[in-house]
A.B. asks: 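Let me give you the structure first, and then I'll get to my questions.
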Amino acid sequence: MTVHSRRALAQDPSARAKPRVTELRLSAFAGHRGAAFPLGPLTLFAGPSGSGKSSALRAYEALALLGAGVELVDVFPEPTRCVPERARADGQARRGFRIGCTVDGPAGPVRLDVAVQAEPELRIAGERLTRDGLTLLETALRDPGRRAVQAAWHTAGAAPVTRAPLPDDRLGTALLPLRVAGKTDGQRLVLAAAEQVVVALRSVFTCDPRPGRMRAPVPPGLVGAGRLLGGCDNLAEVLWRTRSECGNRHAQLVAALRSGCAGPVADVLAEETRDGALRALLDRGDGVRTCVGRLGDGELRYLALALVLLTGPRVLEVDPVAEVPEAYQSLTVLADGFDRCLDQRQKRALADLAARMCGRGHLRLIGAVADATWAATATGVTVVDLGRSGAGAGGAEGGGGAGSRARSGAGRAGTGSTPAARAARVPRSRRPGM
């Protein structure tokens with residue numbers, strides 16, 4: 001693995017105060033072993049097919065769902081696909097995987113590491129939440145016959161820790177606000193760290209525009225609140241809403257389309273058909289309007305991704321933390337195949353737009369691309385190259401993944417082998433074979 005990063009433009013100071021995921025760790029997940037990836041405001045995973053780009057994004061999405069309190073079975077419908085291929089089962093025939101992240105914010109850098117048992121039963125085998133080497137929460141599967149893990153969280157009161165069972169099918173960190181009273185300084189630290197992690201993980205929008213569905217009008221029975229779906233199927237419905245609600249953002253979208261669509265573009269809009277459906281159109285400025293159904297796949301994906309970058313959680317179908325003000329939350333967009341179907345001109349224009357929006361702190365973007373040479377020189381882009389020869393953290397342990405080298409124009413990037421990275425790992429004695 002090689003990391004290239006060009007220092008971003010000066011960010012809004014409020015953006016640096018928002019909880020944000022700054023590192024993704026795949027200790028043992030799919031084709032990755034001992035991998036740690038630095039995440040900037042705009043991060044692109046690059047590499048050939050099979051290098052582990054999609055699995056890295058899948059791990060991030062899984063952490064986001066766990067942070068939202070989703071049950072394990074819904075987060076990992078096929079858990080055995082996440083187990084490293086050469087992972088050996090322990091004496092009880094158990095195998096699993098390990099993922100984690102670091103979240104920066106007002107509470108400082110907080111590390112979350114989770115061990116999941118995939119076989120013979122799907123359950124959380126262990127979890128650890130730490131800050132500056134201090135363990136704030138630790139769970140372990142003590143009795144395989146019980147559907148619970150034994151949890152201990154930092155108290156620093158009359159007793160140093162509080163112990164209680166927690167469900168083994170949900171992330172314990174997401175449950176702490178319901179279990180910790182917040183009476184001592186230690187408990188308040190635990191709550192602050194848990195809230196920071198949950199807020200950073202919750203606001204995630206997984207986006208993979210599907211041109212085949214975008215071409216069709218939105219039927220009248222499916223027209224709703226105008227919140228964009230992950231496949232951008234309801235593009236016309238969202239354009240109908242955003243064009244009237246935010247003229248400034250819409251003007252920026254039109255300007256972006258002039259760089260990514262063939263022919264003149266004076267406007268992009270939606271109109272209602274006779275049967276009540278909504279269809280999207282490009283206004284060519286000379287009295288001609290082109291239905292988006294006539295656009296190529298690259299133009300449609302460019303249009304959808306530009307729209308995503310220029311909107312926010314009120315327009316995208318995301319699950320933000322309702323009790324936390326929007327100004328303190330940071331939206332993260334996950335875009336697998338970010339460059340799919342795009343030509344070089346569209347890629348460069350989209351990279352510039354993404355760098356500008358991410359640099360302002362409005363959102364963060366993590367994308368997967370086949371080749372990132374078109375974005376390597378863009379300001380504020382962190383490129384994690386998984387295709388470098390000789391990198392081999394996966395190697396015989398399942399292939400793909402990240403290696404041991406990391407270079408950054410903005411500083412050194414670790415790969416999970418530092419003492420600090422090892423300190424927060426869930427104890428191996430409490431984990432299934434991985």
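As the structure is a computational prediction, the values presented were derived from the model and not from experiment.
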A.B. asks: Heavy-atom distance under 4.5 Å between the side chains of Leu282 and Glu299, does that happen here?
C.D. replies: no
A.B. asks: Does a side-chain heavy-atom distance below 4.5 Å link Arg111 with Asp113?
C.D. replies: yes
A.B. asks: What heavy-atom pair brings Ala236 and Ala270 nearest, and what distance separates the two atoms?
C.D. replies: O-CB, 3.2 Å
A.B. asks: Within the 3.5 Å criterion, strictly below it, is a donor on Thr135 or His154 matched to an acceptor on the partner's side chain?
C.D. replies: no
A.B. asks: I'd like to know if the side chain of Thr43 reaches the main chain of Leu39, judged simply by a donor and an acceptor atom lying under 3.5 Å from each other, with no hydrogens or angles considered.
C.D. replies: no
A.B. asks: Is there a side-chain contact between Leu137 and Leu176 (heavy atoms, below 4.5 Å)?
C.D. replies: yes
A.B. asks: Are Arg301 and Cys341 close enough that some pair of their side-chain heavy atoms sits under 4.5 Å apart?
C.D. replies: yes
A.B. asks: State plainly whether the residues Arg215 and Asp297 are in salt-bridge range, i.e. N to O under 4.0 Å.
C.D. replies: yes
A.B. asks: Quick one, Trp153 and Leu129 - any side-chain contact, counting heavy atoms below 4.5 Å?
C.D. replies: no
A.B. asks: Run the salt-bridge test on Glu61 and Arg58 with the 4.0 Å N-O cut-off and return the result as yes or no.
C.D. replies: no
A.B. asks: Could you tell me whether the side chain of Lys53 and the main chain of Asp336 form a donor-acceptor pair under 3.5 Å?
C.D. replies: no
A.B. asks: Consider only side-chain N and O atoms of Thr80 and Glu119, and report whether a donor and an acceptor are under 3.5 Å apart.
C.D. replies: no
A.B. asks: What closest approach, in Å, do Glu71 and Arg170 show between heavy atoms, and which atom pair accounts for it?
C.D. replies: OE2-NH2, 3.1 Å
A.B. asks: Can any side-chain N or O of His250 pair as donor or acceptor with the backbone N or O of Val268 at less than 3.5 Å?
C.D. replies: yes
A.B. asks: Thr379 and Ala355: which non-hydrogen atoms are nearest, and at how many Å?
C.D. replies: O-CB, 3.2 Å
A.B. asks: With a 4.0 Å cut-off, would you call Glu127 and Arg98 a salt bridge?
C.D. replies: no
A.B. asks: Hey, are the side chains of Arg340 and Asp208 touching, using non-hydrogen atoms and a 4.5 Å cut-off?
C.D. replies: yes
A.B. asks: Do the side chains of Asp267 and Arg243 get nearer than 4.5 Å, heavy atoms only?
C.D. replies: yes
A.B. asks: Are any side-chain N or O atoms of Tyr302 and backbone N or O atoms of Ser259, one a donor and one an acceptor, separated by less than 3.5 Å?
C.D. replies: no
A.B. asks: Does Arg289 offer a backbone N or O that forms a donor-acceptor pair with the side chain of Arg284 under 3.5 Å?
C.D. replies: no
A.B. asks: Testing the basics here: between Leu235 and Met214, what is the closest heavy-atom pair and its distance to 0.1 Å?
C.D. replies: CD2-CE, 3.8 Å
A.B. asks: Within the side chain of Asp233, is there an N or O that forms a donor-acceptor pair under 3.5 Å with the backbone of Arg210?
C.D. replies: no
A.B. asks: Kindly indicate whether the side chain of Arg241, heavy atoms from C-beta on, has any atom under 4.5 Å from the side chain of Glu237.
C.D. replies: no
A.B. asks: Please check if any side-chain donor atom of Arg249 sits under 3.5 Å from a side-chain acceptor atom of Thr311, or the reverse.
C.D. replies: no
A.B. asks: How close do Ala256 and Leu353 get, counting heavy atoms only, and between which atoms?
C.D. replies: CB-CD2, 4.2 Å
A.B. asks: Test your reading of the model: is there a side-chain donor-acceptor pair from Arg123 to the backbone of Asp169, 3.5 Å cut-off?
C.D. replies: no
A.B. asks: Test your reading of the model: is there a side-chain donor-acceptor pair from Gln344 to the backbone of Arg348, 3.5 Å cut-off?
C.D. replies: no
A.B. asks: Please determine whether side-chain hydrogen bond (donor to acceptor under 3.5 Å, both in side chains) holds for the pair Arg25 and Thr102, giving the CA-CA distance in whole Å, both sets of side-chain angles, and the decisive distance to 0.1 Å.
C.D. replies: CA-CA 8 Å; Arg25 289 185 297 281; Thr102 298; 2.6 Å; yes
A.B. asks: For residues Ala351 and Ala375, report the shortest heavy-atom separation together with the two atoms involved.
C.D. replies: CB-CB, 4.3 Å
A.B. asks: According to the interplanar angle, ranging from 0 to 90°, do the rings of Phe76 and Phe97 count as parallel (below 30°), tilted (30 to 60°) or perpendicular (above 60°)?
C.D. replies: perpendicular
A.B. asks: With sequence neighbours excluded, tell me which residues meet ring-ring contact (aromatic ring centres under 6.0 Å, His included) with Phe45.
C.D. replies: Phe37
A.B. asks: Would you say the side-chain atoms of Gln196 pair up with the backbone N or O of Val103, donor to acceptor, closer than 3.5 Å?
C.D. replies: yes
A.B. asks: So, does Thr130 use its side chain to make a donor-acceptor pair with the main chain of Leu134 at under 3.5 Å?
C.D. replies: no
